[in-house]
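The next block holds one structure in the form of structure tokens; read it before the comments.
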Number of protein chains: 2
Amino acid sequence: MTGGYLKGRIRREDILAAAVTVYGEVGYHGSSLREIAKRAGITHAGLLYHFPNKESLLAAVLERRDALDAAREQLQARPGLEVLRRYLALAEHNVGNPGIVDLYSRLAAEAVAEDHPAHEYFVRHYRMARAGVLESFRAMADSGELREGVDPEVAALTFIALMDGLQVQWLTTPDEVDLVGSLEFYLRSLLTVGL
Amino acid sequence: MTGGYLKGRIRREDILAAAVTVYGEVGYHGSSLREIAKRAGITHAGLLYHFPNKESLLAAVLERRDALDAAREQLQARPGLEVLRRYLALAEHNVGNPGIVDLYSRLAAEAVAEDHPAHEYFVRHYRMARAGVLESFRAMADSGELREGVDPEVAALTFIALMDGLQVQWLTTPDEVDLVGSLEFYLRSLLTVGL
DNA sequence: CCTACCGATCGGTAGG
DNA sequence: CCTACCGATCGGTAGG
């Protein structure tokens with residue numbers, strides 16, 4: 001028999017995809033292994049064969065999300081305008097994938113609790129996001145692309161916060177929120193150059 | 001026997017306060033009537049004597065929050081700078097009451113789902129918040145207090161979104177986020193007048 | 001407001 | 001990867 005490993009990897013992918021959907025719908029705490037397993041076409045005991053417990057499945061989902069984001073948008077570009085452009089591209093991609101936004105918003109709110117299994121992940125996630133954007137704003141300040149009086153530190157924090165806040169409002173009332181346009185508006189108000 | 005009604009009202013208050021705490025900690029779906037009841041000093045069946053089911057308790061919590069906010073901050077002031085100042089005061093108040101911020105952030109993320117019992121509440125809540133701030137930005141645009149090129153519509157949406165996004169990040173890493181200062185920074189970037 | 005109970009569902013394990 | 005099971009917990013009701 002060949003392909004045993006391949007089959008295992010495919011099955012794991014099915015489970016992860018189902019978990020992403022369910023987490024987005026009902027959050028991590030609201031999810032059940034039985035529901036996720038059913039959507040992946042196995043029993044919940046079968047799921048536990050691939051992931052030893054509920055938390056390990058969440059960890060795998062978060063790891064995969066980071067890997068996919070990094071590969072697609074390359075948010076680690078050279079600091080500067082290009083990094084901000086890639087965040088806009090990420091927002092644009094998200095508009096076509098509300099499920100991903102759902103997942104992220106729900107988990108971020110849950111993970112505020114210090115004993116939530118994803119808490120440390122989001123602490124790191126926010127720190128890295130702020131640091132990356134901060135570097136870019138600093139570089140742009142040095143080259144005169146940042147409006148006078150704009151503190152790069154605060155600009156970085158508010159940019160990330162605005163993205164998150166817009167996403168929740170967009171999910172709640174999709175027809176009344178222009179996700180990408182609002183971010184562009186904000187960036188233009190900070191910069192001396194166009195996007 | 002006198003005071004029976006008073007006692008009932010006090011007991012209801014105890015239950016509502018306990019519910020606010022628990023919703024903030026674990027969200028609505030993650031909460032249990034037994035846990036809320038225990039903190040209020042009764043059994044879960046006793047709780048159901050005051051609130052017929054789980055959803056009615058949530059509805060009462062949301063009603064009370066609106067009533068308290070309206071009474072304290074009077075966010076319905078005459079459109080203009082004063083309204084924005086009261087939002088800053090609300091943010092300041094929230095910094096001293098993380099439990100309230102917890103409750104709001106958790107429920108807002110959960111209620112993105114259309115079948116969540118608080119969904120309609122948040123649709124209304126966002127619409128009203130945006131409309132109130134929009135009116136103020138429009139009034140300020142008429143009197144030259146809004147920077148040129150700033151669309152009042154987008155400014156209103158982004159201001160509310162920024163508040164929400166900052167709250168989640170502040171709850172996650174309290175020492176690394178200046179909630180009030182960041183909002184002031186943003187408002188200053190939109191206005192021609194000081195706060 | 002409580003005791004006592006209901007059916008349903010949960011995460012996880014045993015054993016194959 | 002499944003069947004079968006465990007103890008725990010859930011929202012809600014009956015009956016007082």
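All values reported here derive from a predicted model rather than from experimental measurement. Below, chains carry the letters A, B, ... as their sequence lines are ordered, and counting in each starts from 1.
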Between the main-chain N or O of [Y] and the side-chain N or O of [X], is there a donor-acceptor pair closer than 3.5 Å?
| X | Y | result |
| --- | --- | --- |
| A/Lys54 | A/Ser31 | yes |
| B/Asn94 | B/Asn97 | no |
| A/Arg130 | A/Ile160 | no |

Taking atom [atom2] of [N] as reference, at what distance in whole Å does atom [atom1] of [X] sit?
| X | N | atom1 | atom2 | value |
| --- | --- | --- | --- | --- |
| B/Lys38 | C/dC2 | NZ | C1' | 17 Å |
| B/His50 | C/dC1 | NE2 | C1' | 7 Å |
| A/Ile10 | D/dC1 | CD1 | P | 10 Å |

Let's test this: given Watson-Crick or G-U wobble pairing with both distances under 3.5 Å, identify the partner of C/dG15. D/dC2
Counting only Watson-Crick or G-U wobble pairs whose two distances fall under 3.5 Å, which nucleotide matches C/dC10? D/dG7
Any ion pair linking B/Arg78 and B/Glu135 (charged N to carboxylate O, less than 4.0 Å)? no
Any salt bridge between A/Glu82 and A/Arg85, counting N to O under 4.0 Å? yes
Each nucleotide in nucleotides 9-16 of chain C should get exactly one letter: B, S or -. Can you fill that in based on protein heavy atoms under 4.0 Å? -BBBB---
What residues form a side chain to side chain donor-acceptor pair (under 3.5 Å) with B/Asp151, not counting sequence neighbours? none
